[in-house]
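Note that the coordinates shown come from a computational prediction; the quantities given were computed from them, not determined experimentally. When a ligand or atom number is given, it counts from 1 through the structure's own listing order. Side-chain atoms are counted along with the backbone in the values below, which use heavy atoms only and exclude waters and symmetry mates.
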Amino acid sequence: MRTQFYKMHGLGNDFVIFDERPALLPLTPTRIAALAHRKRGIGCDQLVTLGKPEAEGADVLVRFFNPDGSEAGACGNASRCVAALVAGQGGGAHPVLQTRAGLLPAHMQADGLVTVDMGPPRTDWQDVPLASAMDTLCLPLPGQPAALSMGNPHATFFVQDFSLLAQGYALEHDPLFPQRANIGLAIMENRSRMRLKVHERGAGLTEACGSGACAAVVNAVRRGLAERVCEVVLDGGVLRIEWSAQNDHVLMTGPVATTFEGTVDLAAFAS
Ligand SMILES: N[C@H](CCC[C@H](N)C(=O)O)C(=O)O
């Protein structure tokens with residue numbers, strides 16, 4: 001029996017999306033890792049499932065899984081893709097995604113870009129989470145990163161070059177981060193534009209990281225390095241991030257693309 005999937009990406013951060021609203025699928029961490037494998041599977045940065053919403057006001061339940069099988073509470077680029085997919089299925093131009101990070105309202109822009117309200121950043125050490133009480137604005141690590149959660153853990157290093165990427169895996173697994181962390185390296189071009197590369201938790205270096213872009217802008221503002229509206233230039237393209245002074249929410253705007261649709265025999269993949 002074959003199961004339909006959608007292959008989409010946001011600035012090259014790519015996803016395999018399964019719709020479990022008709023029926024739950026036999027997706028285990030092992031099978032997710034096998035499906036996400038670049039050589040032996042379909043291949044993706046994250047595997048995403050759609051489910052029947054439980055929360056009042058939500059249009060769809062969304063879960064995100066890394067290629068190592070671990071589940072993430074947030075995925076900005078995939079949230080944009082799912083919003084566009086649901087809108088395209090007749091869900092209207094303002095779908096609301098129910099995620100582990102909360103309810104995320106989305107908006108299909110007239111120019112084809114998609115905006116997702118990623119909610120507020122969580123900057124207490126317990127929310128990131130970190131291993132002990134400390135100032136999340138300046139962690140006791142070489143490079144003194146700032147840390148926060150967008151529903152998933154992020155550490156942002158403000159650097160002059162990207163050589164620290166070689167430490168990405170070690171930093172992701174530093175004992176300071178009991179749930180590991182996404183490691184962002186940000187080069188400030190000016191107060192309204194930065195370059196960003198992210199070694200993602202459970203995925204490694206990706207072409208773009210939406211929640212990482214949100215975290216980097218918030219951390220830059222916290223450090224006095226950026227304005228609340230900032231362009232984030234990633235390897236795969238540009239995101240516009242706004243950290244609202246009105247409601248403390250972070251708005252992320254960027255493109256989405258559907259690469260192809262397909263079917264797969266899930267039973268052919270180890271479970
Ligand atoms: N690897 C991340 C999830 C995907 C985040 C990224 N793809 C995004 O667009 O936010 C984590 O484990 O928290």
Q. Under the 3.5 angstrom rule, does the side chain of Glu172 hit a backbone N or O of Gly202 as a donor-acceptor pair?
A.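 Here the side-chain-to-backbone pair exists.
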
Please confirm whether [X] comes under 4.0 Å of ligand 1, counting heavy atoms of the residue only.
X	value
Gly202	no
Asn13	yes
Ala203	no
Asn182	yes

Q. For ligand 1, is any non-hydrogen atom under 4.0 Å from Arg180's backbone (N, CA, C, O), its side chain (CB onward), both, or neither?
A.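 None of Arg180 does.
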
At a 4.0 Å threshold, what atoms of ligand 1 neighbour a non-hydrogen atom of [X]?
X	value
Asn66	1 (N), 2 (C), 3 (C), 11 (C), 12 (O)
Ala72	3 (C), 11 (C), 12 (O), 13 (O)
Ser211	5 (C), 8 (C), 9 (O), 10 (O)

Between [X] and [Y], a side-chain donor and acceptor under 3.5 Å:
X	Y	result
Asn66	Gln46	yes
Arg223	Thr156	no
Ser211	His154	yes

(Q) Can you confirm whether Leu176 sits close enough to Met134 that some side-chain heavy atom of one is under 4.5 Å from a side-chain heavy atom of the other? (A)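 The answer is yes, as the side chains (C-beta and beyond) meet within the 4.5 Å cut-off.
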
(Q) Between Glu71 and Arg100, does the salt bridge (charged side-chain N to carboxylate O under 4.0 Å, His left out) criterion hold? Intermediate values first, please. (A) CA-CA 10 Å; Glu71 182 168 4; Arg100 274 180 31 187; 3.5 Å; yes

Q) Of all the non-hydrogen atoms in the protein, which one sits nearest to atom 9 (O) of ligand 1, and at what distance? A)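 Ranked first by proximity to atom 9 (O) of ligand 1 is Gly210 N, 2.8 Å.
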
Q | Geometric N/O contact Ala208 with ligand 1, under 3.5 angstrom | A |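 The answer is no, given that Ala208 and ligand 1 share no N or O pair closer than 3.5 Å.
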
(Q) Any nitrogen or oxygen of Phe15 lying under 3.5 Å from a nitrogen or oxygen in ligand 1? Just yes or no. (A)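 So ligand 1 has no N or O lying under 3.5 Å from an N or O of Phe15.
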
Q | Audit row: Asp135, Trp125, side chain to side chain donor-acceptor pair (under 3.5 Å) steps and yes/no | A | CA-CA 7 Å; Asp135 176 6; Trp125 69 272; over 6 Å; no

(Q) Can you give me the closest heavy-atom contact between Arg31 and Leu266, atom names plus distance? (A)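 What the structure gives for the nearest pair is NE-O, 3.1 Å.
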
